[in-house]
Amino acid sequence: MSREVRVDIGSDGKIKVEFLGFPGDSCFDEAETLAGILKELGLWAVPVEVTPKTSEEIAREIAKSENVEGKKVPHF
Amino acid sequence: MSHISSYETDIVLQTAIADGRQVEEDPGWEMLQEAIYACAEEMNLEVGHSIKDYYGRFVYCDWSLSGSSFERGVGVKVDRKTGKVMFLCDVYGGYELLARKVRDKIVQNFAALCVTKALSALNYDVEMEELRDPIEGKKVVIRGVL
């Protein structure tokens with residue numbers, strides 16, 4: 001499954017970041033790395049809420065991803 | 001596991017200062033300038049270097065945004081010691097909402113540029129999309145796939 005980061009930036013400058021397809025706790029490491037680079041660039045992102053996904057949500061993401069994989073052009 | 005995080009943002013150009021260099025050499029300086037010019041275009045304002053207070057006195061800034069509909073203008077000033085980015089405006093007389101709108105647009109543009117650059121640095125394939133909502137205004141959606 002590919003890893004994906006979706007970032008929504010609202011008109012008030014608030015940011016919502018969704019991590020998809022990260023195994024284990026690696027999404028938290030990636031969030032920290034991303035925040036570190038943003039800080040170097042001058043954007044200080046102060047976390048106000050962290051919501052871990054439920055196992056059902058993760059299972060749905062994996063199923064969706066496998067479906068997309070399955071729809072690729074088959075090899076003959 | 002995957003998760004969703006929400007952040008509040010602030011602009012502080014501290015990287016160059018921490019290395020003993022001028023803040024103008026900070027990696028965020030040019031992006032901030034780009035964000036300000038983009039805001040000027042979106043809101044039909046002009047970029048300059050001073051704003052006016054209620055009495056018409058000029059106040060120097062690194063950048064300012066003003067126009068015929070907003071002569072007083074909003075200033076952007078970067079603290080040379082801390083790198084903290086400050087927004088200046090004499091809001092007396094009903095300019096608070098407009099000043100906040102200018103500030104929010106600059107922050108949003110700057111955040112979009114930073115996130116795009118940061119994800120690219122982490123080797124993600126990055127796509128950016130701007131969505132317009134009549135109530136919530138412009139929303140920027142950035143998607144990075146690894």
Side-chain angles (χ1 to χ4, degrees), chain A residues 1-69 72, chain B residues 1-16 18 23 26-29 31-32 78 83-85 100-101 103-122 124-126 128 130-133 135-146:
Chain A
M1 187 186 176
S2 63
R3 281 176 285 175
E4 191 177 326
V5 180
R6 283 184 202 162
V7 185
D8 287 5
I9 306 168
S11 57
D12 55 0
K14 284 183 185 166
I15 296 179
K16 192 175 107 180
V17 188
E18 187 176 0
F19 294 85
L20 299 103
F22 286 80
D25 285 344
S26 62
C27 59
F28 292 108
D29 298 334
E30 194 72 343
E32 210 171 304
T33 307
L34 181 62
I37 296 174
L38 291 176
K39 195 171 180 178
E40 271 179 31
L41 296 172
L43 186 73
W44 288 32
V46 183
V48 287
E49 194 180 350
V50 178
T51 315
K53 289 187 181 172
T54 62
S55 48
E56 287 82 13
E57 283 173 321
I58 293 169
R60 270 202 303 274
E61 280 171 17
I62 292 169
K64 196 178 165 190
S65 163
E66 282 169 355
N67 258 347
V68 171
E69 292 286 318
K72 281 182 180 172
Chain B
M1 191 165 68
S2 298
H3 73 278
I4 300 169
S5 298
S6 299
Y7 302 88
E8 283 181 354
T9 52
D10 216 350
I11 306 175
V12 187
L13 307 182
Q14 211 180 48
T15 304
V23 72
D26 196 276
W29 183 271
M31 284 196 294
L32 180 57
V78 185
K84 174 96 179 153
V85 173
R100 186 175 296 170
K101 195 176 169 190
R103 184 201 63 187
D104 287 350
K105 269 197 189 296
I106 293 171
V107 173
Q108 187 185 39
N109 290 339
F110 182 76
L113 290 167
C114 286
V115 168
T116 303
K117 195 164 183 176
L119 288 174
S120 297
L122 291 169
Y124 284 86
D125 286 328
V126 185
M128 187 169 80
E130 286 185 8
L131 308 172
R132 307 240 169 219
D133 185 284
I135 296 161
E136 289 183 16
K138 186 177 89 172
K139 186 167 108 171
V140 181
V141 179
I142 299 169
R143 187 169 167 258
V145 179
L146 196 62

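Numbered from 1 within each chain, the chains take letters A, B, ... in sequence-line order. Only this structure's heavy atoms are used, side chains among them; waters, hydrogens and symmetry mates stay out.
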Quick check: closest heavy atoms across Ala111(B) and Ile9(A), and the distance to 0.1 Å? C-CD1, 3.7 Å

Side chain, backbone, both or neither: which part of Asp26(B) has an atom under 4.5 Å from a heavy atom of chain A? side chain

Distance in Å, Ile135(B) CD1 paired with Ser11(A) OG, rounded so as to fall on 0.5 Å steps: 11.5 Å

Where is the tightest heavy-atom contact between Val50(A) and Ser5(B), given as atom of each residue plus distance? CG2-OG, 3.9 Å

Out of curiosity, Leu43(A) CG to Ile11(B) CD1, how far, rounded to the nearest 0.5 Å? 7.0 Å

Compare all side-chain heavy atoms of Ile37(A) with those of Leu122(B) and state whether any distance is below 4.5 angstrom. yes

Quick check on side chain to side chain contact (heavy atoms under 4.5 Å, CB included): which of Val126(B), Leu119(B), Ile142(B) does Val5(A) satisfy it with? Leu119(B)

Looking only at Pro27(B), Gly137(B), Cys114(B), Ala112(B), the option with the highest number of non-hydrogen pairs under 4.5 Å against chain A is Cys114(B)

Gln14(B) and Trp44(A) have their tightest heavy-atom pair at OE1-CZ2, 3.4 Å

Counting only heavy atoms closer than 4.5 Å, note whether Glu8(B) contacts chain A via side chain, backbone, both or neither. both

Thr9(B) and Val46(A): CA distance, side-chain angles, deciding distance, side chain to side chain contact (heavy atoms under 4.5 Å, CB included) verdict: CA-CA 6 Å; Thr9(B) 52; Val46(A) 183; over 6 Å; no

Looking only at heavy atoms and a cut-off of under 4.5 Å, which of Thr15(B), Leu32(B), Val140(B), Val107(B) has the most pairs with chain A? Val140(B)

Find out whether Met31(B) and Leu41(A) are in side-chain contact, i.e. whether some heavy atom of one side chain is under 4.5 Å from a heavy atom of the other. yes

Flag if over 12 foreign heavy atoms under 6.0 Å of NZ, Lys138(B): yes

Atom pair NE2 (His3(B)) and SG (Cys27(A)), whose distance is rounded to the nearest 0.5 Å: 5.0 Å

In Å and rounded to the nearest 0.5 Å, what is the CG to OH distance from Leu38(A) to Tyr7(B)? 8.5 Å

Can you tell me how far apart CG (Leu20(A)) and CG (Leu146(B)) are? Round to the nearest 0.5 Å. 12.5 Å

Nearest 0.5 angstrom please: Lys117(B) NZ to Glu40(A) CD, how far? 11.0 Å

Where on Lys139(B) is there a heavy atom nearer than 4.5 Å to chain A: the side chain, the backbone, both, or neither? both

